[in-house]
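Heavy-atom basis, side chains included; hydrogens, waters and symmetry copies ignored. In what follows, chains are A, B, ... by sequence order, proteins preceding strands, each numbered from 1.
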Amino acid sequence: MPELPEVEVVRRGLERWAAARTVASVEVRHPRAVRRHPAGAADFAARLTGHTLGTAHRRGKYLWIPLAGEGTSILAHLGMSGQLLIQPEDAPEEKHLRIRFRFADDARTELRFVDQRTFGGLSLHPEAQGAADGLPDVIAHIARDPLDPRFDEGAFAASLRRRRTTIKRALLDQSLISGVGNIYADEALWRARLHYDRPTATLTRPRSAELLGHVRDVMHAALAVGGTSFDSLYVNVNGESGYFDRSLDAYGREGEPCRRCGTAMRRRQWMNRSSYFCPRCQRPYAPRSLRPAGASGGGTGTAGPAARRQ
DNA sequence: AAGACCACCTGCGTGC
DNA sequence: TGCACGCAGGTGGTCT
């Protein structure tokens with residue numbers, strides 16, 4: 001389950017249904033699900049058995065569950081299609097069941113990692129010394145996410161000014177800002193009326209602060225309704241879908257009217273995926289010097305198209 | 001050496 | 001009916 005709101009929904013489920021439970025046994029059903037655990041499936045299972053799960057933490061799209069008193073965490077990434085499910089012990093096996101955790105208690109439920117495309121996976125890592133909440137060292141390169149109170153807004157704006165790339169690439173770069181994926185990038189850009197190919201260096205600090213505000217708003221809104229699910233692939237630990245797909249303004253709306261101006265939304269092939277945008281509200285960036293005379297429309301000498309509003 | 005690309009998977013919908 | 005192709009919410013290794 002991909003982006004930050006959906007992963008946070010899962011984290012909350014783990015906190016409620018898996019924390020403080022002691023692992024009785026672990027069954028790895030597909031080796032790819034533990035490929036990030038170099039010591040292999042048998043080692044993964046053996047090192048978990050008998051240990052008690054702590055409270056799940058999250059940074060961006062990564063989750064980790066510390067093992068009580070061990071200095072070790074289970075690191076999880078759901079990839080494109082991963083699910084962590086709390087299921088009754090006698091529930092039929094999912095077609096893509098990859099890992100099963102049985103617990104040493106009377107709850108008669110177990111934790112299952114189910115993943116159709118196997119881009120996701122679980123692994124065990126030592127907690128980095130002095131890192132926040134025992135952040136595993138292998139994800140030290142992942143930036144804080146926009147819902148993290150310690151996210152550094154000034155540093156983010158400065159990085160955007162410094163970089164020679166475009167805004168959607170930057171939003172998807174997990175080492176700059178984590179947790180944003182293709183859906184929420186398009187949603188935030190639509191809200192900010194920014195074209196996906198706008199060079200990051202052209203964003204003023206107030207403009208990037210505004211964009212960041214939209215990223216946070218759309219993520220909070222999605223979180224409030226359990227995340228975005230188009231189908232049964234994206235569910236909470238109890239297998240339930242969120243409702244935010246009904247509130248999407250850009251993603252998946254090719255041909256439908258822009259909710260602001262009514263213009264038909266467009267889809268563009270972009271980096272082997274899709275970008276959805278309004279061709280009227282989200283114009284491509286054109287430096288003043290390249291625009292035909294008079295095209296700036298009542299320019300006041302401020303920034304360029306970024307300063308314009310519909 | 002920052003930035004861009006594409007391989008890694010399975011399944012589903014569409015068009016021939 | 002079946003086959004080929006495009007598409008799907010992500011990441012990291014590998015190129016330049």
Side-chain angles (χ1 to χ4, degrees), chain A residues 1-10 29-38 58-63 75-84 94-98 113-123 136-143 145 158-189 196-201 215 218-219 222-223 225-236 241-254 267-276:
Chain A
M1 181 176 300
E3 308 184 42
L4 188 153
E6 295 74 43
V7 178
E8 174 60 16
V9 166
V10 171
R29 303 285 292 268
H30 195 302
R32 245 183 86 78
V34 291
R35 71 191 179 287
R36 301 248 147 235
H37 186 76
R58 181 189 54 72
R59 175 177 285 196
K61 304 167 196 171
Y62 282 90
L63 288 168
L75 180 65
H77 197 287
L78 302 172
M80 292 281 268
S81 55
Q83 308 173 332
L84 283 166
E94 293 77 7
K95 182 173 182 189
H96 303 293
L97 175 64
R98 307 303 188 196
F113 178 64
V114 176
D115 189 10
Q116 175 198 109
R117 293 175 69 182
T118 68
F119 286 172
L122 272 53
S123 49
D137 47 8
V138 292
I139 58 163
H141 64 290
I142 301 295
D145 60 64
S159 297
L160 292 183
R161 294 302 299 262
R162 216 181 304 123
R163 290 222 174 187
R164 291 219 222 99
T165 187
T166 50
I167 188 58
K168 187 166 172 184
R169 283 191 150 91
L171 286 176
L172 297 180
D173 182 343
Q174 305 296 300
S175 68
L176 242 190
I177 179 172
S178 69
V180 183
N182 207 32
I183 290 182
Y184 296 103
D186 280 2
E187 293 301 308
L189 289 170
Y196 58 92
D197 257 341
R198 168 105 177 213
T200 57
V215 171
V218 70
M219 284 183 167
L223 206 40
V225 293
T228 302
S229 322
F230 304 118
D231 51 48
S232 59
L233 229 45
Y234 303 97
V235 293
N236 67 15
S241 293
Y243 297 101
F244 196 69
D245 60 309
R246 299 173 192 177
S247 306
L248 294 174
D249 292 315
Y251 190 85
R253 298 196 65 243
E254 181 181 22
R267 178 169 74 96
R268 278 290 150 74
Q269 206 62 10
W270 181 87
M271 270 178 67
N272 271 343
R273 47 209 329 195
S274 295
S275 267
Y276 297 89

Go along nucleotides 10-16 of chain C 5' to 3' and tag each nucleotide: B for a protein heavy atom under 4.0 Å from its base, S when only backbone or sugar atoms are that close, - otherwise.
-> BSSS---
Could you tell me whether A:Asp245 contacts a base, only the sugar-phosphate backbone, or nothing, with contacts defined as non-hydrogen atoms closer than 4.0 Å?
-> nothing
With no hydrogens and no angle check, is any side-chain donor or acceptor of A:Thr200 less than 3.5 Å from a backbone partner on A:Arg163?
-> yes
Base, sugar-phosphate, or nothing: which does A:Glu187 touch, judged by heavy atoms less than 4.0 Å apart?
-> nothing
With DNA chain B as reference, determine whether A:Arg32 or A:His96 sits nearer its 5' end, using the nearest nucleotide of each.
-> A:Arg32
SB check A:Arg268 A:Asp197 (cutoff 4.0 Å) | no
When all nucleic acid strands are considered with a 4.0 Å heavy-atom cut-off, which category describes A:Tyr184: base, sugar-phosphate, or nothing?
-> nothing
What stems involve DNA chain C, if each pair must be Watson-Crick or G-U and both of its distances must be under 3.5 Å, with 3 or more such pairs in a row?
-> B:2-8 with C:10-16, B:10-16 with C:2-8
Side chains of A:Tyr234 and A:Pro2: closer than 4.5 Å at any heavy-atom pair?
-> yes
N/O donor to acceptor pairs below 3.5 angstrom from side-chain atoms of residues 180-187 of chain A, sequence neighbours left out:
unit_1	atom_1	unit_2	atom_2	d
A:Asn182	OD1	A:Lys168	NZ	2.6
A:Asn182	ND2	A:Ser274	O	3.0
A:Tyr184	OH	A:Glu6	OE2	2.6
A:Tyr184	OH	A:Thr228	OG1	2.7
A:Asp186	OD1	A:Lys168	NZ	2.7
A:Asp186	OD2	A:Tyr276	N	2.8
A:Glu187	OE1	A:Asp249	N	2.7
A:Glu187	OE2	A:Asp249	N	3.4
A:Glu187	OE2	A:Ala250	N	2.8
A:Glu187	OE2	A:Tyr251	N	2.7

Gap in Å between the two P atoms, one belonging to B:dC9 and one to C:dC3, rounded | 23 Å
Closest of B:dA4, C:dG9, B:dG11 to the A:Thr165 side chain is B:dA4
